[in-house]
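As the structure lists them, so they are numbered: ligands from 1, and atoms in each ligand from 1.
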Amino acid sequence: MAKYSIDLQAGKVKEDEAVSSVGETIVGIDLGTTNSLVAHVVEGKAVAVAGPDGKSVLVPSIVHFNSDGTTVVGDAARGYLETQPERTIYSVKRLLGKSFRDLTDVKDRFGYRIIDEDEDRLVKVAVHSEDGRERYYSPIELSAEILKTLKARIEQELGTAVSRAVITVPAYFNDAQRQATRDAGKLAGLDVLRIVNEPTASSLAYGIGLTDEDEGRTIAVYDLGGGTFDVSLLRIEQGIFEVLSTNGDTFLGGDDFDQAIVDHWRTGYDLELDTPELRGGIRLLAERAKKALSTDQQFTGDFDGKVLNLTRGEFENRVRPLVKRTLASCDRALKDAGLGKEDIDHVIMVGGSTRVPLIKQQVSDFFGKQVNDSLDPDQVVALGAAIQADVLAGNQQDVLLLDITPLSLGIETVGGLMDPIIPRNSKVPTKVGRKYTTSVDGQVKLKVAVYQGERDMVADNRKLGEFTLENIPPMPAGIPQIEIHFYLDADGILRVKATEHRSGTEQSVTIKSQYGISDEEMALMLMDSLQNAETDMAARALAEARTEAKNVLLSARKFIRQNESWLTSGQVHEIERFVDALAKSVEGDDKDEINHRLEELNTFTTPLAHEALDRNVAAAMKGKGVEE
Ligand code: ADP
Ligand code: MG
């Protein structure tokens, strides 16, 4: 039983690179629906970075287009929300990775226009410029504007260029949304080393999951932002984060609290809100009142010549039904994960809106335990992202954090096809086995070539290594039982084992794949697989037709040999004619031609095969003298 390991050259190079560029900070970014921010680790501690004015670490996720097409991002863009809504894009995160069809129900909620020219393609936002022309921006481009602002901010802080980042996304984001986030990073000049789930980052910020002495923890992350509510239940074991369930409400957040205050005042003081400026002004004042009431019992403000009051009690009565809805989501998340409240070890509060004292109290009553709220809830996600970035930079040696495998791992099968064994985005560690057999009579060797990637043909994927299972006892094709096992551990180390069960022959190889590929290469490969889906399908169809043809050719020739005794020479001649035509078609690359020749041969041989079967059965009965 030989066992050897392949030390991948590419893997080594990449690791050396990582070492040589130590010193360049990898930053953590929370790209939020309402606010975005960037953080980094300084002397072992994660800190969020404020702008040059030193005021706030939060950059409102708003992009405004000036009439000349230039952009302003963040606080500077905020004022245009009410005055030039059609050129001021907010909540772009809601559009990332979505098609117009995905947004059918919500498209009218935005102050700007989403174009519908193709329902199934990714959406774009239409922006009118002053020359009367319309320009179209993808959510990826818009998000990139926000990321560029954050990149400039951290570069200013550090006085050096920054090119690598970890960006967070909600746990429920699908592949398209994650890919779009990655692409936005790339467009902003950032190599996105990892996309991390927001609840995972939040747990890291609180130091949960950073030590592997933890025998396992179940965490609830309650995240109430400006416009969205998410609750995620996580299981953390040995540094591996598993999302057990997610729930929430994509249109419930602090904005609704502001609106509740506006409604309260409008009726109470009989306010006329008939201009965009007034409507914008009252919303801003409502938000100020809400924030003040997170610490004070009473708020007083001036609006349009009137003095407006609000007590914390009045505010709480207004928002209590909204808070109840979030708790109903928590209930559903628990149910989906098959857990009770008592199974939750930690409850983490995330998002600016969790500063509201009523929320802290209700959530802590609901779970029956003190919530974790010692960190700034606006910053938790970004701080966690910075810690993850620091881990990737190699500054926190003992921690391993790998929750999913980013690319599929599989082997080459007949015809050069990729057979994915561990699909991309699988949780690690994982173990998968699959059974194969031989395709040729008397085959004594089987080459196992391991590939990584999403394309249908192995030639388009990345080869990680190969080995040969030898000493398979000679048997007819299809008889050997070969099982191939893939074991992927939490470090991203892949071990592949092949076993022939009838003889017990076994061989294995260890492949270190974690650093085998840069994220940039990965993004390219994924994009490639999308762009080439059609050609891949054609290539796959051709490869399949060829494989089938080769199998049929083998059995047709075998059929002639085995049935020579009774086949007429005319029949043999006909079969040979069809066989030759099929063999010739396999040389070409026209799958329709191959299929046509296959069909011809099959049509001719099927009745002969039936006859052969009858004759064999008759012969067997005679030989064995079966009694009647
Ligand atoms: P997102 O994750 O959607 O980007 P954030 O976590 O930044 O959002 O939360 C923004 C929301 O938090 C806004 O609605 C804001 O008004 C609210 N918020 C911020 N500070 C406070 C506070 N002190 N009290 C109540 N709500 C607050
Ligand atoms: Mg958030």
Give the residue and atom name of whichever protein heavy atom lies nearest to [atom], and the separation in Å to one decimal.
atom                    : answer
atom 8 (O) of ligand 1  : Gly226 N, 3.3 Å
atom 15 (C) of ligand 1 : Glu287 OE2, 3.3 Å
atom 3 (O) of ligand 1  : Thr34 OG1, 2.8 Å
atom 2 (O) of ligand 1  : Gly225 CA, 4.1 Å
atom 9 (O) of ligand 1  : Gly352 N, 3.3 Å

With respect to [X], determine whether any N or O atom, backbone or side chain, lies less than 3.5 Å from an N or O atom of ligand 1.
X      : answer
Asn35  : yes
Gly351 : no
Asp223 : no
Leu58  : no
Ser294 : yes

If you measure only the distance, is there a donor-acceptor pair under 3.5 Å linking the side chains of [X] and [Y]?
X      : Y      : answer
Asp255 : Gln259 : no
Arg178 : Asn197 : yes
Asp191 : Ser163 : no

| query | How about Tyr222 and Phe367: are their ring centres within less than 6.0 Å of each other? | reply |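 Between Phe367 and Tyr222, which both carry aromatic rings, the centre distance is not below 6.0 Å.
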Q. Is the distance between the ring centroids of Phe65 and Tyr137 under 6.0 Å?
A.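 Ring centres of Tyr137 and Phe65 closer than 6.0 Å.
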If you draw the axis of the six-membered ring of [Y], does the NZ or CZ of [X] fall within 45° of it and under 6.0 Å from the ring centre?
X      : Y      : result
Arg109 : Phe251 : yes
Lys341 : Phe366 : yes
Arg94  : Phe110 : no

**OP:** Just go through Lys291, Lys93, Glu198, Lys290 and tell me whose heavy atom is the nearest to atom 22 (C) of ligand 1.
**Re:**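 Checking each option, the heavy atom nearest atom 22 (C) of ligand 1 is found in Lys291.
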ask   = Out of Arg288, Arg355, Gln379, whose heavy atom sits nearest atom 20 (N) of ligand 1?
value =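 It is Arg355 that holds the nearest heavy atom.
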Those atoms of ligand 1 less than 4.0 Å from some heavy atom in [X]:
X      : result
Val356 : 25 (C)
Gly254 : 14 (O)
Gly32  : 4 (O)

*asked:* When you measure from the heavy atoms of Gly253 to every atom of ligand 1, does any distance fall below 4.0 Å?
replied: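 False for this residue.
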Neighbour count above 12 (heavy atom, 6.0 Å) for Arg279 CZ
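Counting neighbours around CZ of Arg279, more than 12 heavy atoms of other residues, nucleotides or ligands fall under 6.0 Å, so yes.
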Distance check, rounded to the nearest 0.5 Å: Leu234 atom CG versus Ile344 atom CD1?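 Nearest 0.5 Å value for the CG-CD1 distance: 9.5 Å.
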